[in-house]
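These notes are about the structure you will find just below.
Both ligands and their constituent atoms are indexed starting at 1 by order of listing. We're numbering straight along the sequence, starting at 1.
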Amino acid sequence: MIVGVLGGGQLGRMLAMAGQRLGVRCRFLDPDPHAPAGEIGELIVADYSNEGAIARLREGAAITTCEFENVPASAASLLERTGRFFPGAGALAAAQERLAEKSLFAELNIPTPRFAPIDGPEDVEPAVRRVGLPAVLKTRRLGYDGKGQLVLREPEALASAWRALGSVPLIAEELVEFEREVSLIAVRSASGETAFYPLIENLHQRGILRLSRAPAPDTPPGSGPALQQLAQDYARRVLDRLSYVGVLTIEFFQSSGAALKANEMACRVHNSGHWTIEGAECSQFENHLRAILGWPLGATGALGPSAMVNIIGAPPILPEVLRVPGAAVHLYGKSPRAGRKLGHITLRAPDEPTLSARTERVRAIVAAAEAGGGVG
Ligand code: AMP
């Protein structure tokens, strides 16, 4: 059984590792000859616009999918026209453009931060008037990990904002004063079966995910089940509207009480779900494969409290991490570079206080390596 995957990053690598146990071989297409998935599965090195390479990716594959967000529309629609491609070109298009994405949420009555489109420099002032200051301006396309974003706090900053973001279409959003960020990983199979992982609490710094905890600690106390239901209800609306197949992730801001505002969605397995490899009954990677292949989904329950710490910029001293009980290290085979996700560490523990202590130990080791710029 072969699954063709557009993109050969770490998400593809972990998909392939999950597939191996099920006798599924992943084949990747990526322009980078050093793409991390190439160590695990066959890698076709070519541009996504190369139709011959896409034909090779598809050859003999039961199904094709993608492991990154900004799949060129031409590649997605070619795969969809010529075979089965999940999650589908329509779902990708909705998630690739921030205005379309927020408009979809609004149409489905899913709360979002206030937002307004900016098509030219003359729109900046009225858009910011609509959403209020402070505001976040974001490029509509190709933004990730906080790139292509600008926070405006003073009216004087408006004049230079259009140019500062590259003179491209933007979206203005209110700057939400959230209590925390959470994400929900949902999965829907080709046969229509759905499942949801427990909500995950995420900590970002400078736009990059640093730490996830799952299940998200109960904040405010007692709100957990209702919050989970609310997030699942929102996700189900998106799954149904897009006739979605595969793993879908929605990131929310949680404000005081148990209110959620949807920030964005990712039509793929997600960094905040890496803990599911060791911490859930069936991982997001295996469930994505099961979903697109039309197989029964695996159970999404947590095996206990888990945390995930991203390794960014430089690898930590391994023996120090491995000395921490319950630590599982995943390195993606990427060369160190400032701000680059090189791997992650999942932590498990029998209870929350033990998990917190282990997590803090690992965060300190990881932070020391990042500050030192490369050891180990
Ligand atoms: P994004 O690329 O939209 O996921 O943004 C990256 C991070 O920037 C988010 O995870 C938040 O921490 C922060 N952020 C983005 N949009 C907003 C907003 N409207 N209000 C407050 N924080 C935001």
Side-chain angles (χ1 to χ4, degrees), residues 9 11 68-71 92 94-106 110-118 124 127-154 157-158 161 164-166 168-186 199-214 216 219 231 234-235 238 247-257 259-274 308-310 312 339-341 344:
L11 301 177
F68 72 112
E69 219 137 307
N70 291 307
V71 170
L92 286 175
Q96 281 174 353
E97 215 268 4
R98 289 184 190 272
L99 183 63
E101 180 180 53
K102 288 257 164 28
S103 304
L104 174 71
F105 291 144
I110 301 169
T112 66
R114 285 191 302 277
F115 65 94
I118 298 175
V124 173
V128 170
R129 204 165 346 107
R130 271 171 68 185
V131 304
L133 276 179
V136 195
L137 264 50
K138 302 178 180 177
T139 57
R140 281 193 216 159
R141 290 187 173 276
L142 302 174
Y144 69 99
D145 283 353
K147 294 189 172 64
Q149 296 192 17
L150 197 64
V151 176
L152 301 181
R153 296 184 186 279
E154 313 292 336
L158 267 61
L165 285 168
V168 291
L170 305 174
I171 183 172
E173 294 177 14
E174 67 167 311
L175 185 73
V176 177
E177 274 191 43
F178 53 79
E179 301 261 305
R180 63 175 179 175
E181 295 186 72
V182 294
S183 56
L184 185 77
I185 298 185
L199 268 173
I200 306 155
E201 180 184 283
N202 299 316
L203 177 72
H204 293 86
Q205 280 165 356
R206 292 182 298 281
I208 303 180
L209 181 66
R210 295 280 163 168
L211 170 69
S212 293
R213 290 202 297 172
T219 307
Y234 293 156
V238 179
V247 163
L248 172 82
T249 308
I250 305 188
E251 295 183 69
F252 297 98
F253 300 127
Q254 184 184 341
S255 37
S256 59
L260 296 175
K261 287 182 177 174
N263 176 36
E264 63 176 358
M265 64 182 187
C267 297
R268 53 169 172 77
V269 286
H270 196 257
N271 193 171
S272 68
H274 291 356
M308 190 258 354
V309 177
N310 265 342
I312 295 169
R340 194 175 203 201
K341 289 177 186 167
H344 72 269

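- Taking the six-membered ring for Trp and thresholds of 30 and 60 degrees, F178 and F253 have nearly parallel ring planes, at less than 30 degrees apart.
- At under 3.5 Å, not a single nitrogen or oxygen of G207, backbone or side chain, sits near a nitrogen or oxygen of ligand 1.
- Side chain of T249 to backbone of R268: a donor-acceptor contact under 3.5 angstrom is found.
- Residue E177 places every heavy atom at 4.0 Å or more from ligand 1.
- Of the residues M265, K261, H270, the one that meets the side chain to side chain contact (heavy atoms under 4.5 Å, CB included) test with E251 is H270.
- Looking at E264 next to ligand 1, an N or O pair under 3.5 Å apart turns up.
- By the criterion of a heavy-atom distance under 4.0 Å, the side chain of N263, and not its backbone, is placed next to ligand 1.
- Taking every non-hydrogen atom of H204 and a distance limit under 4.0 Å, the qualifying atoms of ligand 1 come out as 10 (O).
- Salt-bridge annotation for K138 and E264: absent, with no side-chain N of the basic residue lying under 4.0 Å from a carboxylate O of the acidic one.
- At a 4.0 Å heavy-atom cut-off, ligand 1 touches E181 through the side chain alone.
- In summary, K102 and E173 engage in a salt bridge, as defined by a charged side-chain N under 4.0 Å from a carboxylate O.
- Contacts between V136 and ligand 1, counted as non-hydrogen atom pairs separated by less than 4.0 Å, involve the side chain only.
- Contact check for E97 versus I171: no side-chain heavy atoms found under the 4.5 Å cut-off.
- Short contacts between ligand 1 and Q149, defined as distances under 4.0 Å to a heavy atom of the residue, involve ligand atoms 1 (P), 2 (O), 3 (O), 5 (O), 6 (C), 8 (O), 15 (C).
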